[in-house]
Structure formats: structure tokens, C-alpha cells
**Student:** 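Encoded as C-alpha cells, here's the structure I'll be asking about.
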Amino acid sequence: MIDLAILGGEPVRKRPFLSSVVVDDLERQYLMEVINRKEFSRFMGSPTKDMERLLVMPSEEAEHHKNQYFSFLGGRMVRKFEAEFARKFGVPFAISVNSATSGLSAALGAAGIGPGDEVITTSMSFNATATSILLFNSIPVFVDVDQNTFCLNPAEVERAITPKTKAILVVHLLGNAADMDKIMAIAQKNNLVVVEDCAQAPGTRHKGNYVGTFGNLGVFSFQETKNITTGEGGMVITKDSVLAKKVRLIRNHGESIPDNSWDDHSLINLVGMNFRMTELTAALGVAQLAKLDENNRVRTENAHLLAAQLQELPGLKVPAYPSGVVPHVFPLIYDAHITGVGRDRILAALRAEGIPVGSGYLRLMYENPIFLRKVAYGKQHCPWSCHLYNFSRDYQPGDCPIAENLLREKFIWFYHINPPNGNADMNDVLCAFRKVFNNLDLLKKYEMDIEVPYKW
Ligand SMILES: Cc1ncc(COP(=O)(O)O)c(C=O)c1O
């Protein structure tokens, strides 16, 4: 009897997995505090008397700074969120922004990266990782990923270094930690800035230390699919007061602060952005930060359960999860040579069973036409045509074969390891996988139209 859902049988799972944000009275309490105070931003973008001190003030000190009304450092809730984030990650400076995309740009801008400079980054991430490099007119150089972590392969980073290289933008993808020991050693040897994109890895540790604290700056996202969320939002962390000062300037109309006494170097990249976080967003942030450890515990438990049970199925490689990793999405590596069934047919069968699986990103970042055709700013193909960048840099399919192979043939991602999904939900996932993998012969036998795999 045929009972695979894709062949007309009953699906294993008939209700959706939950993707709504975990909230409780704490969010309401902090939001009401902001509403009752009638303070929705309180950012002030113009200089004050103690400006120099304000700009390098550690976040914990800034929380209690006497100016409680309007401040260059933002409103009271913004400063509270920053102080708590800094405490959590054990750094002196946490600077909130309106997204991780803004945060990544501000981090690179603060480090003085600009026209003519190359930034080495991974080929596989959300596109904002790459486009944040373009904001201050620098050139992304994409390298291939490690087979197991899907993060930057340090050997490829080393191979990609040129006299133009100024920074490495590391991404801790899907909650995995990149090999920060090797990457930091390469950066030190070549005098490169390191920015860590931790959008998908808040709370992940590498050898005991939080990712985001290895490089010069770390950047987090609070967009709605992340481990904690404020709808939109981000945070930049650093231990370096000079970088903190510059990030604070870039986020808050920096160009309105300097007077003629500032030298040219201090003015670099202060072109007057507004990346500020509102008090309402920060209120959600304070409440969500208190949930980070519990949310991460549930994600970890869900992912470990799936990994332990799915490893017995043919053609599936489960993630290894070294200690300290907090999974953000659950990735499997599928081998169609072992099962004889194409990856997309498996995805379609699992989706028919009610399991929202996908094949990962739509494309690698360099496969975006912005990069393939090098069209970013103006008609002149800036920044690639900039006279300061007298190099030829092309992007094409085939540049990063490991990452391409993972996306095109191997990845099966399950997204909903997030709370409130729990044990019972994961058991449905396991039942569906077992059902499909116990019926591979049926899948092989039947001609079927393959629906387009679910994309995140
Ligand atoms: C790895 C990575 N970097 C950057 C971003 C951009 O974050 P945001 O949406 O907060 O700008 C995202 C996701 O949204 C991401 O997954």
C-alpha cells in the first residue's frame, strides 16, 4: 500500500511548526515602561560638553550616565539593553543599531575600511554579509567554506590574501563557530581587522568563549528569525574604545560632531548615517535577552535529538556539534549516490509529509547579479572601477566548489528547531524522515513533478 504523502497518502504532520516569537509579560512590562515614560527614542545627534568622554564611555557606565533625557548615546532603554548585552558577552562596549546589516557596515567603517580595500568573507551567508562590505566602497572577496562547519575555511582565507586585503569578515553560519584560532592567527600575521558576523550564533562559544569576542568587532541581529528578536535590530560589540567611539559616531549622524580641530583620519567614514535603535525596540531587546539562554537550550536540545536519531538513515550526514555550539538551523548533508534518489525528490517528499525543509540559500552570495555583473554604485561599476582598486576582481559560478555543491546537491535544512517547538514536534520530523527513507524504492519508481524546494 502506498502511503507516502507525495503519492497521495496521509501526511505525518498536519499542523504547521510554530515560528512565532516567544514573548511573555516581561516584553509587556518593558514596553509599557517606555510608553508610560513617553520616550520613544531620545537620541540626540549633536555635540555636548562632555562629548569626548561620552564617546568612549563603557556601556555599563553609560547606562547610569546623569543625562537621562536626550543623549548622543540614546535613550534610557537603549542604554540599559546595551549595558546588559555587554555584561552578558563580557565586553566593555555594546552598541545597538537598527539591524545587523547596519552593524556590519558600521563595524567595517569604524575600522577604517574603504575604497580600494578588499574584505575576505565566506561565499555562503545571507546576502547582507556581502553587501555590508560594499557600503563604504570596499571589495568583497569570497572564499570557500569548510565541509563541516560551513564557515570560512582558514586555508582559503590565507590563499585569498593580496596587498589590498584589509579585513576578514567571518560568519558563524547556522550557529556553528568558525575556526577562530586559525583565523585570528592569519589576521595577526597579516595585520588584518576581523569582524565577526554572529547574526545566527548569539551564545555560541568556541573553546569556551563567545563568538563575537575573538575579532576586533562582533555583530548580532535581532531580526525576527533569529534566536532572540526585536523585529528588526542589531548590536555591535567590541573591547576597543577607539572602535566603539567610531561605531557610536557612524550610527548617529557622525558628521554633525567633528569641528575643524579633528584631523582627516578621524573624519574617515563619518558620512552621517542614522542606524539608531528606538526605545521601543530596546524594550523588547531587554526582555528577549533574558530569554536567550533558555531559547538556546531548546534549540540545542531539539537539534541534538534530530542528530542522534537521523544518523541511522542511509545517505544522511548529521552535524557533529562540538560543545558550545548553539544550532540556529538544522542542516543535513545528503548523498544521493547512496540512496539513488535525487535530493530535490527527497525534499518534496518530506514537505508533502508536512516538514518544512529546504536546500539552504537560494544561491551563493557571489551568484547575485550585483557581483556577477559588478553593478553597485552608479553607471561606472563602482567600487570595482575605483582608481584606488587597480586590481581585476571577477566573480563567477565555480569560484567556490564546496559551497556550490552543498547548496545544489547536498543540503537539507530543517528550520524549526526554535522554541516553542519541542520534543513532540521533533518526533514528527523523525517520523517523516523515517517514513520517506523507508520508502526510497517507491520514490525511485514513481515519476513525479518535483515542486520547487522550500526557500527560507
Ligand atoms: C549571517 C547573517 N548576516 C547578516 C544578516 C542581516 O541581519 P539583519 O536582518 O538584522 O540586517 C543576517 C540575517 O538576517 C544573517 O543571517
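Start at 1 and go down the list; that is how both ligands and their atoms are numbered.
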**Student:** So if I count the atoms of ligand 1 from 1 in the order they appear, which ones are less than 4.0 Å from some heavy atom of Gly233?
**Tutor:** 10 (O)
**Student:** May I ask you to check if ligand 1 and Tyr361 share an N or O to N or O distance below 3.5 Å?
**Tutor:** no
**Student:** Should you measure from each heavy atom of Val171, which atoms of ligand 1 turn up under 4.0 Å away?
**Tutor:** 1 (C)
**Student:** Any idea which atoms of ligand 1 are less than 4.0 Å away from a heavy-atom of Ala128?
**Tutor:** 6 (C)
**Student:** Looking at Lys246 and Ser266, what are the two nearest heavy atoms and their distance?
**Tutor:** NZ-O, 3.6 Å
**Student:** So, Tyr395 versus Phe371, ring centres under 6.0 angstrom or not?
**Tutor:** yes
**Student:** Using the side chain to side chain contact (heavy atoms under 4.5 Å, CB included) criterion, which residues pair with Ser41? Sequence neighbours excluded.
**Tutor:** Phe43
**Student:** Select the closest option to atom 13 (C) of ligand 1 among Gln223, Lys226, Gln200, judged by heavy-atom distance.
**Tutor:** Lys226
**Student:** Tell me the nearest of Asn127, Asp197, Leu174 to atom 3 (N) of ligand 1, using heavy-atom distances.
**Tutor:** Asp197
**Student:** Name the orientation class of the two ring planes belonging to Tyr361 and Phe126 (parallel below 30°, tilted from 30 to 60°, perpendicular beyond 60°).
**Tutor:** tilted
**Student:** Please identify which atoms of ligand 1 are closer than 4.0 Å to at least one heavy atom of Ala199.
**Tutor:** 1 (C), 2 (C), 3 (N), 4 (C), 12 (C), 15 (C)
**Student:** Are any side-chain N or O atoms of Asn137 and backbone N or O atoms of Pro115, one a donor and one an acceptor, separated by less than 3.5 Å?
**Tutor:** no
**Student:** With a cut-off of 4.0 Å, which atoms of ligand 1 are near a heavy atom of Thr129?
**Tutor:** 3 (N)
**Student:** Any heavy atom of Ser102 closer to ligand 1 than 4.0 angstrom?
**Tutor:** no
**Student:** What do the steps show when you test Arg343 against Asp335 for salt bridge (charged side-chain N to carboxylate O under 4.0 Å, His left out), and what is the final call?
**Tutor:** CA-CA 8 Å; Arg343 190 265 316 256; Asp335 189 341; over 6 Å; no
**Student:** Please report whether the ring centroid of Phe89 lies less than 6.0 Å from that of Phe220.
**Tutor:** yes
**Student:** Residue-level breakdown please: for Ser125 versus ligand 1, do any non-hydrogen atoms fall below 4.0 Å on the side chain, on the backbone, on both, or on neither?
**Tutor:** side chain
**Student:** Parallel, tilted or perpendicular: which one describes the rings of Tyr321 and Phe330, with boundaries at 30° and 60°?
**Tutor:** tilted
**Student:** Sequence neighbours excluded, which residues qualify as ring pair (Phe, Tyr, Trp, His ring centres under 6.0 Å) partners of Phe136?
**Tutor:** none
**Student:** Under a 4.0 angstrom heavy-atom cut-off, which atoms of ligand 1 come close to Ser221?
**Tutor:** 7 (O), 8 (P), 10 (O)
**Student:** Examine the proximity of ligand 1 to Leu173 and report which part, side chain or backbone, both or neither, has a heavy atom under 4.0 Å away.
**Tutor:** neither
**Student:** Go through ligand 1 atom by atom and flag the ones less than 4.0 Å from a non-hydrogen atom of Thr101.
**Tutor:** 6 (C), 8 (P), 11 (O)
